[in-house]
Each structure stands twice: as C-alpha cells, then as structure tokens.
Student: 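Handing you this structure, nothing more for now.
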Amino acid sequence: MDEKFEPKITAFVCNWCTYAGADLTGTSRIKYQSNVRVLRVPCTGRIDYMMVLKALHKGADGVIVSGCHPNDCHYTSGNYHARRRWMVFKKMMEVMGVDMRRITFSWVSAAEGARWAQLVNEVTDQVRALGPYAEFRQIIGAGIE
Amino acid sequence: MSRIGVFTCHCGENIGATVDCVKVAEMCKDIPGVVHSVEYKYMCSDPGQRQMQEAIKEHQLDGVVVAACSPRMHEPTFRRAAGDAGINPYMCEMANLREHCSWVHEKGDATTQKAADLIRVLVEKVKHNEPLHPIKVPVTRTAMVIGGGVGGIQVALDIANGGHKVVLVEKSPSIGGHMSQLSETFPTLDCSQCILTPRMVEAAQHPNITLMTYSEVEKVDGFIGNFKVTVRKKARKLDEKLCTGCGLCIQKCPNKKISDEFNEGLGTRTAIYVPFPQAVPNKPVIDLQNCTYYKTGKCKVCEKMCPTNAIRFDQEDELVTLDIGAIVLATGFKLMKTDAFPEYGYGKHKDIIDGMQFERLASASGPTSGVMKRPSDGKEPETVVFIACSGSRDRAKGVPYCSKICCMYTAKHAMLYKHKVHSGKAYVFYMDIRAAGKDYDEFVRRAIEEDEVKYIRGRVSKIYEEDGKLIVMGADTLMGGEPVVIKADMVVLATAVQSNDRSEELAQTLHVSYDSYGFFAEAHPKLRPVETNTAGIFLAGACQAPRDIPETVAQASGAAAKVVGLFSNDELTREPIVAVVNRQAAPVYSTCVGCFLCQGACPYQAIEQEEIKARSGEVIMTLARINPGLCQGCGTCVATCRTKAIDLQGFSNEQIYAELMTL
Amino acid sequence: MEAVNQRAKELLEKGEIKAVLGYAKGTGHVRRPHFARKAGQVDQLVLDAACLQNLAVYVTKHEVKKLGKVAVIALPATQRAILQLMAERQLRDGELVILAVDGEAVKELDSAAALEEHLALKAQGLDAKDKALLAELDAMSREQRWVYWQNELSRCMKCYACRNSCPMCYCGTCTMDCNRPQWVPVASHGIGNLEYHAVRTMHLAGRCVECGECGRACPVGIPVHLLTFAAEESIHEQFGQRAGAKAKLDYALSTFKTDDKESFIR
Amino acid sequence: MRIGYYPGCSLLGSSREFDESTRAVLKALDVELVEVADWNCCGASSAHILNHELSIALPARILALAEQAGLTEILAPCAACSNRLLSAQQELEKHPEMLAGIEKAIEMPYKGTVKIVNILEVLDRLKDLIAAKTVEPFAKKVASYYGCLLVRPPRVVNFDRPEDPQSMDRMLRAVGATPVEWPFKTECCGAAFSVTRTDIVAKLSGKLVQDAVKRGADAIVVACPMCHSNLDLRRAEINEYLQQEYAIPAMFITQVVGLALGLDPKALGLHRHMVPVEFAETAGVQS
C-alpha cells in the first residue's frame, strides 16, 4: 500500500444553491480536485443526519454538507431548519468523539462557482492531510454487511 | 430485475475531451441491472433523443440514466423524451458529467473513473425510482387584487379585460391610492387625477370587477388555484345601496375639525366623509374615532338629514369568504414621516413638510386650492429648500436603499413651486441625481436650467427655527465642503419610501416572503420579478420595492398577464416532487405517530391533520397528511420525521440510501 | 404519601378512574411500577427515595389507554414527560389524573396548561452529579471521548432497554425496526451501535426530559443518558428551549430563529 | 448603592467643581463612590490619534484595575473619559485577537466585565430620590447642553437620542427647572481648541451662549468638563468676539442638582467659576 492516499469525499448539496453553484463552477471552467462525489437533494432541509453517518459508514474520509445562505433558501426556511439540525448534530458527534474536522458544513450560493471549487479543494487538502479516517474504518471493519 | 439503459453524451468536445466516454459506456455495461449502454456525440440533439427512445422500446428499458450535462439544464428534455417513448418520465435521471466532471477536472483516468461513479450512483437511484404522475389541481378563475392604487387598478382592469372575474380589495374608503393625492406627475406634468379618475371609474363599472373598498384581507387558506380568502368588510355605517352620494350628511356633520388624511393633515374633514370629491365609490363612511355619536351617544344629525335613510349606526363589520384562484398584491408604500428626523426638529416645525404634503399644497384640489401657502401662517414662502434623500440611503435611519422616486418628484416640486411663485427661490440639496428613465434627465435639467432651481450637492445637518425662519445648515460638497446656510420659509423633505403599515403582517397572512424592510420578496430578482415564492401570488408596484407610476403600471400588467396565463388552464399541473405520509393497512394505518413535530418544520403549512375513523365514526387516530397542492417538495419534514413515515417522491429514502450505498 | 393514597382511593371508589399507577415494593430495595385497580390495593403503593422510574412510559401504552382514565403518581420527571407527551399530542387533557408529587406537596392536575403552570415554578436542568459527569466528558480530548464511547458501547447488545424505558420513545414503529431502507444495521457491532445511539440521541434532542431512565435501564451499565443529556443541554444553551416545559409544542428542531448563532458553517 | 469612580484628569484640575459636586450630590443620595486605585490617563483626545493600541491599553488598564477591585460598574463623569472607556471596551469585544497584546501591555488580565456609566445615567437612576429630596427647586429656565461626547458616536455610547437628547432635560425638570427649546444641544463648543485656538472656541461657543440667552435661558447646564471650560473659562473671549457682555452662568448638572438638594454652594464648587453663578431677574444679558 505505497500508493498515495486519496481521500473519498461525499457531498450533500441542495438543488437550488450549491448544486447550481457547482454547475457555475463548471460553466466558468474552474478546476478542482476530483475526489468529491455529489449527491443532489432538493434542500438542505432534506438532508437527514443519517445520510452523513451512512457516508462515513461507506468509507468516506470527508463529508461536505452545503446549501443556500441564510435568507436565500428556495423553500424560504429549509436551510434554517437544517442549520439547527447541524448545530445539534455537531454537538452530539463531538460528545461521541467523532472527528468533526471530517464533516464540513457550508453555504454556497448559485452565484458562487469559484467558492465551490475553493471549498472542495480546501476540504480535499485538509482531509488528505488528516489521512484515512482510521478510527471509523476500524468500527466499520467489524460490521460490513 | 431492472432493465436500465445508460446513455453517455460527449457533448461534442465538452465532455469527450476530458472523459473517455467510450470507456465509460463500456464500464457501465458491468453495472448490475444495466442492459444497454451506449455513447453518442450529442444526446440532446434530435437523433440523440431518438436513439434513446428507440433503445427504450427495443430493449424494453424500465429506467434510463442520461449521462450528460446538469439536470438543471436538460432534465425536462430527456424526461419528456423518455415519456414519449412510453416509460414514466420520472424513471429518467441525469448524471452530471459536464458541469460536475469534465469541465472542472483535468483529462485522465481519475476523471473518467469519476464519470463512471456518477453514473453508477444514478443507476442505483433509478432502480428505486417509482413512476410519478404530475399533480393536477383545479383552478378557480377569479383573481383577488389587494390594494386599489394605480397598480391594483391596472391589474384588475387587465385581468377583467382578459375575461376573468376580479375582486379588488382596498382598505381605505376609496380606490385611487397615493396617485389620487398627487398634483402633477413627472416627467410630463400632466394632472394626476385627470389621468387616474377615468381608470377608477372604469374599474368600478367593469362587469368583471367587484370592488370591496373599506375592506381588509383577514385570512388566506388554500393554495394556487384554490385559495379561500376571508375579507373583513368594515362597517361604513351606511347602506350603500340606498346612499346616492348626495353629500348632505357631510355638509351637515357638526364635527368638522378632524385632521384630513387625504390632505396629509393639512386640511380638515368631517366625521362622516368621503376622502376626496372624485372618490370611487362616492359613498361616505363614518369615522368611529371622531363621530360625536360614537363618542357621546348623541348627535345622529346625518341620520336625520339623509334623504334616503341610508345611515345605519348599528351596522357591524362583515366577514366574507371568497374562492380565489390567484392573488395579486399591490399594497403600495408609505412615506417616512418628518418626525423621524431629530436633526430637522422631530416634525415639530409646521413648515417642514414631506413630499406628499407638498403635493397636496400644490394640488388644485388641495387645502389651499393649489396656491402656495406655508402651513404655519399661510404666508407665501419666498425661499423653499427641498432635501432629497431624507432618510433614504441612510443606515442610521434604517433605510440603506434608494427610494428611487424622490429625485424626480423633488425636481417636479421645485418646478411647480417656481411656476407658482415666480420670484421665489428654490434650493435642492441632493446626494446624486438619479434620473434614469425616459425623458427623466431632461426633466431635471429643465428644472435647473429653465426654472433656475439651485441644486446643491450636499447634505443638510440641521434645521432650526429662528425669528420665524427655518435655518437650514448644509454643505456644498462640490465647493470643497463649504458650509451653506439658507434662511428658508418652508422646507420639503423627500422622505424615504417605506413598506406600508402592517405589510409584514399581510405577508405572514399570505405566507409570502418579505425583506428586512417589509417589502414583499419576488421569486427571482431578475427572471421572476412579479411572482412570489408562493405559487399563485403575484406582486405589482411599490409593495415590492420603491417604484414610480410607469414602472408600477408596467409591472401590474405583467402580473395580470401571469394571472391570465394561469387562468387559461382548466387544471394546473405540478411536479410530483412532494412529500407523502405513508399509509398502511389496519391496525397500523401508518408509521406516523401523530406527534406533528413535522408541522413546525414545513415552510408552507402543507401538513394537515387527518383523522382515521372507525366505521362507527369514532376517531381511531390522527395522522399527518401532506396537501400536495401546498407542498413544494423541500423535504424538511422528511428529515424531521423520526419514524420515516414521511418520504419525498423523487428523493425518497430508498433512492438516497441506494445512492449512498454505491459510494 | 397518605394524602396521595387517600385521594387515589377516593377517585377509585367514586369510579372516576380505573386504576392508579404508582410504585410498589419490588425485590430488595427496588421499587417497581404498580397499577392499583381497586381501592383496596392502594395501600400497596409506596413512595420513597427509592422510587425512581419515570412512570410516564406506561401511559401512552395501548394496554393502559384501554383501561380508561388512570391516575398517575407523578414525580417531577414524570410530570415533565407527561407534559411533553401532551405537547406531542400523545395524551389529551383530562385523559389522566396527574397526582403531582414534589417532596411533601401533592397537587392534582389534569391538563397540559395546569402542568405547564405547575412546572414553571420549578427550576429545571441537571443535578450536580450529572453535570459533573458531562463536565468530565467535556474535559476529555476528542480522541479520549471516542475511545471512551467505543469502550462503553462495545458492551451494547442492542437489547433496546434504553429505548423501551424512555417515555418519549412511544413510536409504534421505531425507525430501528424499519428496513426499507435499513438505515441502521440490526447487528450490535461497532458501526451498528454507534449509529443506533446517534439516532437515539438525535431523536431525543429537544424532547428529552432528562429523567435518566435510559441509563438506569441499561443492563450493562452504559451511561447512555449522558448522550441525550448533552444534546438536550446544548439545545437549551443554544436555543433557550427545554423539553417538558411547554403545553404548546416548542420543538427546537422544527423551529428556528433567523439569527441562530453558530460559528462552524463556512 | 456602591459604584466605582474614575475621575480622570479634568476633575482634578480645571473642573475640580465637577468632582466636588459629584461627590457631594452622590454622598447626599447615599451612593458610595469607590475610586479606582492607581488610575491613569484615559488617553483622551490624543492617544487615539497617535497609536491605536495605546488608545485601548490606557482605558483597558483602568477597567482592569476596576475589575481587580471587584467593581461591576464604574462612573466616569467626564464625557471624554467615559467615551474612551466605552470605545476601548467595545474595540476589545469586537477584536478579541487584540486582547493578548493589551494584557501584556497593561501587565494584568482584562475581562471586560465592568459596565461604564456616565453621570446622567447615574442621576437618572436616582431621579425619584432626587425629586423627593429636593428642598430648593431650581426654578430657572435652563438650556441643557450635552455637547458631543456624551451622545456620539451613537454606536459606541448608545446613549439617549443622539440628535436631540432628553436625559438631562428630564433631570432638570425633576429638580424644578424649565428646559428651553433650543436647537444647539449637541452643537460643537470647540472642545479641545480651548487651549490652542481660543478664537474658534469664541466663535463656536459664542453661538451657544448667544442663542441660549436669546431663548430665555437663565443658565446653561453641562455634563462635560470641556464644554464647561469653553463656556465658562473662555467667556471673556466669547464676549469679546460677540461684542457683548453675556453673564449667563454655565453649571454642571451635579451643581444644579446639589443646589436643589440644598447643599452648600461652596461644597459644590460654585465659587470656582469664572462667570459668577448669579441670576438676574429677567435674562442673562448685562449690557
């Protein structure tokens, strides 16, 4: 296993802001690292914390959760509900000792193509520096179905 | 076992240059459930689409993944094509190889691998897709326009002329709005009432328009095409059918010293009154706060005088519930009052007035019959200072935005003043002159050049009164910040345009969004300027942002076109991306436990209570039910539900779980 | 105790209630829940410092509801749980007679509004012991916490005693028992246990009345209650809301403020 | 009531009567003043122009000393002092990254827990007691003059209505005085030009004196040492500039309250004024 470690990054993004923002990254031909796999949902409000846990379960070394900035939600308040859920989820994960450097929450609007590229690069670099999420992989090892 | 087809698009060089599409198509053949995988130069082209349709038939595909550009671009295209080929359109998904892969990564194996991964995720999703059917909702072809100013009147007339019924609701006793108060309008200086009153009469007489003046919207239920609106018809204390509008009651009303709202407090009216002579309808109302009878229990002079016995002191407010298909908000604006300016004396100087008060002073139908007299002593003002941006673009006043109309009306005011007082001196303090619009800048130049209005670029820091004069202390920033002191007889503040009183309350009643200043928010600032985020509710005029008359009227016609477009269908079709609460056989009925924790999470009040009843009629349990007409499909309730009793069609738990499991 | 039993007897005799739910002597010092169905059985009820269990867990059960109107001897945590259950529409006003016991004082309540008023007079929050335990957790490094919980959870065999003892875990079909999709693995291995306890904590965040029943119920002594306590306390700290305090549903995770303060979202 | 006290330099020098009257009035109202030991200069009008860090470190030291003394609140009667203390406190709140450097400079920890209040806020709290204890109502027409530092910048001081403050007027009414309507409550007096450019002071303060008299005031009441210096100490220059002898006295609010409470004029430092505190029957003009 001399091969250089390439992290696996899973991103959950809302359709109206961050997904559209990532589209804009493409239209603007801004390059970023290809480790990320994006899952599209309508709104950050739809993002169940179980999705984040399952992403880790499936061996993601880093997770990005991103949606519309406060006030910009296509559904007026889905992101506000999501923000609260994240605040509680983060606290609980910290209590359980989960490495929260691996889960990044952010707001990326439909106009922020460059910001999406920057975010993905930053997260990829950071997670690459952290290395594989060994602790989690250890408990997964005990129970892959 | 699923039979899924994968169609990989080169998008010319756009995908093909960095992603090895041929290899991707090959790789996809190995995904379980994929029975057909091809690549093509341009999938969205006519031959491309045809190729997909033929493959659907030939290989009896039950699901399709098109690996091409963003679904935000061509999802409707390919879903339509798939539908035409005989499968349910919602069995088609798109993998975004272009915006999310080929355009943002370098050419190489990693990029090709990512492209294949993206497709694999969507293949797993499609395996769990369910055929969905667009939601159809009926449409009530009656529109409600809230606000009877020039914007509301225009909307009502346009919809009515389009052949649909309109209910025009106005909270004050007459339609006409602010425009009926104006003296003359920029940039043509034509008389405001002369152009507005014919429209008011037309609206009143139109067979498709029902006027509800002196009425306010109290409650709005339902959803696009199917609103139920409750309107409070405030008691005029008058039988409108009997009243002929003769005005005898007004002449005889003993209580004549009431500050007149229409004249912005510069004149007086009686307790039973019509706001202005051309009011529509020309039927009086009794002002309960000021009527002697309601204050002391004695008087009733109007009742005795009325030749048709139309006065009804015992009349009560009436609540009317109407079925409405679309709503247009045209509730207008208000001006900041002079008492919001401590630096200009908190409104305690009578001769510091706002723009609307000046309109009344300049109006031929105003309290001075259009003769320039200052409010304090009725003298003709020899020097008048106009201050633009009074409150606007001023963070300290909470108004960082530009009020848009003031530059123009200030030029108009200065001009009108000069036309009436030829020897008078008019000064305008301004920050910038924003006169963008047809013939607008020419108009301002005319004020400066022909009417010799002195424009001073600078702010006024203070106004105080000394020896019967108003001392205006300003600065001329074009002269190096030189202090300027002007002894004026009257000062006109072009105060900021603000959202109307109780606009936030109304927004909450209608569940439309509003900005931090109380202006209603459009669905998209550029592409959907007359729609709100709530389907079926539209906007016109200054309730959305400061606007002048031409813009308001243009937007009103735009909103009317949207409503007429909506009414051209028998039924509305909506994307079936909505949340659903599961139902199961008795005795479980549903995994919903009826805790209704989801209700607060719904931005659309779409979660209702459904009672499950036994044959005896006894309620066995109360479950959540989602109204598909109201649900917009955000899925916040889905993530909130503990028992996963709610699921979102198109983004279901099974679909997302399947996607995750491929990663 | 006398006063409560007296009143319970009266209610039973008058036929206003079908049973009284309280505590009776169990093995050794243990107190077990007890339904007195007849006035004569009321004397078996005891009330002392050993009575710990949150009795609210029973009142939403189908079998209990079927009995008809029941009186509950409700210690403070039980009172909070009942109020939260009422806010979550699992109990209606008048469905129970709540014999609220606070030290020596006894009060008879039968509605959410009355319960809210009654509870408003009392300080809420964790006792010193639990606070100290949370502080201990807090003082650990992230890695230590991970090891601590992995070590604790390694004993979990998913008996679901924590779930079943919790008054707020009343769902007919628990998400743990859902299998389309099977979000949480059934087996009690590393990831299965972590995910189960994460889900349990998230489901109770904003709803936990901090009775600690889950921790007491655990047969292998995992302090699972610390997870829900930590979540509940952080909700109170961040949003000012507390479960079991309001008659009208005030669930922290289905309400929001536009200026909710956080510093981690980029 | 027990409250921390930071007199600052003016109250020990040019405005001793402000210190004397503040102490006298608060003593009469049973307020214990605890002077911050070893206090230093607040930085006043110069530090913030020269060195930003210094302008924060100086007030921070005073506040840190107050913290160490266990004080929760500190009265700084001088408007410049209270303004500087507030500015520094807010700056450190907004920029926590500066804290380490400041703590190093002042060689003590700083927590930012002390609340800074001005004299009008303290008197306002005691308004009912003052009204009850008033034995000689100050039945004069007064021009209440707030100057700039008490109310500006509004974001920093967050006190009263910046353009048309009312707190002093309320206090004056409570002791029987009648505030006149006048537009110059927060006009510039010339401030620190008191020393360097007396001609500017004469012009600016002259306008104030002239207008106060014109509007019938018997006294100008202030709450800032600099305002007082300009209106009192520089009266000769003002009168020369205006070519008229204005005798209207300028008084500190604490002196007015003290008189109403029946305190000895000497204890209130009234004898220290350049313009005698005497009231003509009608107006303050002696030609």
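From a predicted model like this one, the values you see are computed outputs, not experimental measurements. Order of the sequence lines sets the chain letters (A, B, ...), proteins ahead of strands, with each chain counted from 1.
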Student: Check each atom of A/Val108 against the heavy atoms of chain C and say whether the ones under 4.5 Å are side chain, backbone, both or neither.
Tutor: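 The answer is neither part of A/Val108.
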Student: Heavy atoms, side chains only, cut-off 4.5 Å: are A/Met87 and C/Phe264 in contact?
Tutor: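 Yes, at least one pair of side-chain atoms sits under 4.5 Å.
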Student: Is it the backbone or the side chain of A/Met100 that comes under 4.5 Å from a heavy atom of chain C, or both, or neither?
Tutor: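 Neither part; nothing is under 4.5 Å.
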Student: Determine, for A/Lys91 against C/Glu262, whether the closest basic-nitrogen to carboxylate-oxygen distance falls under 4.0 angstrom.
Tutor: no
Student: Does the side chain of A/Arg84 come under 3.5 Å of the side chain of C/Ser254 through a donor N or O and an acceptor N or O?
Tutor: no
Student: Counting N and O atoms only, with roles assigned by atom type, does the side chain of C/Trp146 sit under 3.5 Å from a partner on the main chain of A/Glu94, one being a donor and the other an acceptor?
Tutor: no
Student: Starting from the C-alpha separation in whole Å, work towards a yes-or-no answer on side-chain contact (heavy atoms from CB on, under 4.5 Å) for C/Glu143 and A/Glu135.
Tutor: CA-CA 9 Å; C/Glu143 288 81 1; A/Glu135 283 170 345; 4.1 Å; yes
Student: Checking side-chain contact (heavy atoms from CB on, under 4.5 Å) for the pair A/Met50/C/Glu195: CA distance, chi angles, key distance, verdict?
Tutor: CA-CA 8 Å; A/Met50 275 315 292; C/Glu195 289 185 356; 4.1 Å; yes
Student: So do A/Tyr80 and C/Asp260 actually touch side chain to side chain, heavy atoms under 4.5 Å?
Tutor: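 With C-beta onward as the side chain, the pair stays apart.
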Student: Out of A/Arg85, A/Met92, A/Arg83, return the one with the most heavy atom pairs under 4.5 angstrom to chain C.
Tutor: A/Arg83
Student: What I'd like to find out is whether the side chain of A/His81 reaches to under 4.5 Å of the side chain of C/Leu253, using heavy atoms alone.
Tutor: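 Answer no - side chains too far apart.
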Student: Check whether A/Asn79 gets within reach of chain C through its side chain, its backbone, both or neither, counting any heavy atom under 4.5 Å.
Tutor: neither
Student: Below 4.5 Å, heavy-atom pairs only: which of C/Leu134, C/Thr258, C/Val199 has the largest tally toward chain A?
Tutor: C/Thr258
Student: Determine yes or no for a side-chain-to-main-chain donor-acceptor pair under 3.5 angstrom, with A/Lys54 supplying the side chain and C/Trp183 the backbone.
Tutor: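 Indeed, once roles are kept as given, a pair shorter than 3.5 Å links the two residues.
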Student: Looking at A/Glu122 and C/Arg266, does any basic side-chain N land under 4.0 Å from a carboxylate oxygen?
Tutor: yes
Student: Under 4.5 Å, counting heavy-atom pairs only, tell me which of C/Gln144, C/His197, C/Lys257 racks up the most with chain A.
Tutor: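 Top count of heavy-atom pairs under 4.5 Å with chain A: C/Lys257.
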